[in-house]
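Order of listing sets the numbers, starting from 1, for every ligand and every atom in it.
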Amino acid sequence: MLTLGIESSCDETGLALYDSQRGLLAHALHSQIALHRDYGGVVPELASRDHVQRLVPLLHEVLAQSQCTLQEIDAIAVTTGPGLAGALLVGTGFAHALAFALGKPVIPVHHLEGHLLSPLLSAPPPRFPFVALLVSGGHTQLMAVHGVGQYSLLGETLDDAAGEAFDKSAKLLGLPYPGGAALSALAETGDPQAFPFPRPLKHSGDLNFSFAGLKTAVLTQVRRQEQKASELKNESGGDQEELNQAPDRHSLPQTNSALSAKMKADLAASIVAAITEVLIDKALAALQQTGFKRLVVAGGVSANQQLRQGLNRTAQQQSFEVFYPELQWCTDNGAMIALAGALRLAHDSGVATSAGAFEVQPRWKLV
Ligand code: KG4
Ligand code: ZN
């Protein structure tokens, strides 16, 4: 059974071919990061227009890679939500048009289910049941996963997602969009204990998260350090050039132009430490609550090296297994959608829909 997966919910166009016997045969991805960078975030209309241009060439690419023909495709899995309405419509419209032409069914896939199942693309895959920590740009959730399609919510963020906390903090430090990976890289050279940022809801006794307050604490600290730096500069008549050694200074907003590279690295390390500590603590609490011995971490933030190092250390100490997607499957891609569609169809033939009328769900809860 050959499934074509299509992902276009945000700023990545991803296509992949997944064969139930042979595994992943091909995948192709176009990232729109360069398109949106000047705007500091995703511009929905630009995203939609770009998806329109990318889908057909990427389809040809996966067919060529896999040496399959269009006629060999048995089903088309597509992200129908959550995400940007226009972007979802482009991918879903394309999926239905192709399915109609080929006389094949469409499998609507929840974007987060794609992330959730993405570690199953690797060998050995995690066995069920497991706790899933889903950490993306829009979601932060802990789930008990008993099998494909059998999910129950243990806790979630009450406001910002972990990815948003990374991105917004990165922006405050003048790092280019999307800031998560850049903040993480900068943090490598800083002192994680330099600033005692809050660990929101760490002791709340439940499995919920809250990251909005952290952003405010970061903003306050950045302003304070800027103030100190400019006072120092005025006192000493110091040279701004010496203070401001960030690699990409031309794109720095005024708010942080006075901060030294060392100060920025310390801020980054302290922010990353605060976010990852809460994620690790709550994941551990979810394992204790469920009694499960396996943790799966997925979504864009699962690429984060500090989070992985912290979790790996905790897993060794506390005797549980931890699984991540391969780095290429952490952020949005077509492979996880093809896999999720194929697995859903294998478990429940009722998930397949006929090509034709369709809808997308920009807001859609998985559980
Ligand atoms: O799952 P994803 O690609 O898109 C959504 O479904 O939202 O996640 C994107 C998020 C962004 O917030 C991005 O900054 C973050 O994942 N991210 C990272 C890293 N790589 C991507 N955050 C921290 N460290 C990283 N290495
Ligand atoms: Zn995603």
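Of the possible polar contacts, none joining the S9 side chain to the G83 backbone as a donor-acceptor pair under 3.5 Å is found. In this structure, H96 contributes its side chain and T92 its backbone to no donor-acceptor pair below 3.5 Å. Proximity of a side-chain donor or acceptor of D159 to a complementary backbone N or O of A212 within less than 3.5 Å is detected. Side chain of H51 to backbone of C10: a donor-acceptor contact under 3.5 angstrom is found. Checking side-chain atoms of N208 against main-chain N and O of E156 turns up a donor-acceptor pair under 3.5 Å.
Residue N304 has at least one N or O atom closer than 3.5 Å to an N or O atom of ligand 1. Considering both main-chain and side-chain atoms, P178 never comes within under 3.5 Å of ligand 1 through any nitrogen or oxygen pair. Ligand 1 has no N or O atom lying under 3.5 Å from any N or O atom of F166, backbone or side chain. For a threshold of 3.5 Å applied to N or O pairs, the pair formed by G299 and ligand 1 contains no separation below that value.
Proximity of T331 to ligand 1, defined as any heavy-atom pair under 4.0 Å, is shared by backbone and side chain alike. When non-hydrogen atoms are compared, ligand 1 lies under 4.0 Å from the side chain of H115 (C-beta onward) but not from its backbone.
Ion pairing between a basic and an acidic side chain is recognised when a charged N comes within 4.0 Å of a carboxylate O; R344 and D348 show no such pairing.
A distance of 13.0 Å separates CD in Q225 from NZ in K264, rounded to the nearest 0.5 Å.
When only non-hydrogen protein atoms are considered, atom 10 (C) of ligand 1 lies nearest to G137 N, 3.5 Å. In terms of protein heavy atoms, atom 11 (C) of ligand 1 is closest to D167 OD2, 3.4 Å. Ranking the protein heavy atoms by distance from atom 21 (C) of ligand 1 puts G300 O, 3.4 Å first. The shortest contact between atom 22 (N) of ligand 1 and any protein heavy atom is with G180 CA, 3.6 Å. The closest protein non-hydrogen atom to atom 2 (P) of ligand 1 is D332 OD1, 3.4 Å.
Residue H111 approaches ligand 1 through these ligand atoms, each under 4.0 Å from one of its heavy atoms: 6 (O). Atoms of ligand 1 found under 4.0 Å from any heavy atom of G163, numbered from 1 in the order shown, are 12 (O). With ligand atoms numbered from 1 in the order given, ligand 1 contributes 7 (O) to contacts under 4.0 Å with heavy atoms of G138.
Side-chain atoms of E231 and Q227 form a donor-acceptor pair, as typed in the model, at a separation below 3.5 Å.
Rounding to 10 degrees, one finds that the Zn ion (ligand 2) sits at the corner of an angle of 90° between D332 OD1 and H115 NE2.
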Stepwise ring pair (Phe, Tyr, Trp, His ring centres under 6.0 Å) check, F209 with H139: CA-CA 11 Å; F209 303 89; H139 294 83; over 10 Å; no
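Not close to ligand 1: C10, with no non-hydrogen atom less than 4.0 angstrom away.
Counting non-hydrogen atoms of neighbouring residues, nucleotides and ligands closer than 6.0 angstrom, the CZ atom of F128 exceeds 12 such neighbours.
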Please table the atom pairs, donor to acceptor, closer than 3.5 Å between any side-chain atom in residues 315-328 and protein atoms at least two apart or in another chain.
unit_1 : atom_1 : unit_2 : atom_2 : d
Y324   : OH     : R308   : O      : 3.3
Y324   : OH     : N312   : OD1    : 2.7
E326   : OE1    : Q328   : NE2    : 2.8

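For the Zn ion (ligand 2), the N/O/S atoms of H111 include one lying under 2.8 Å.
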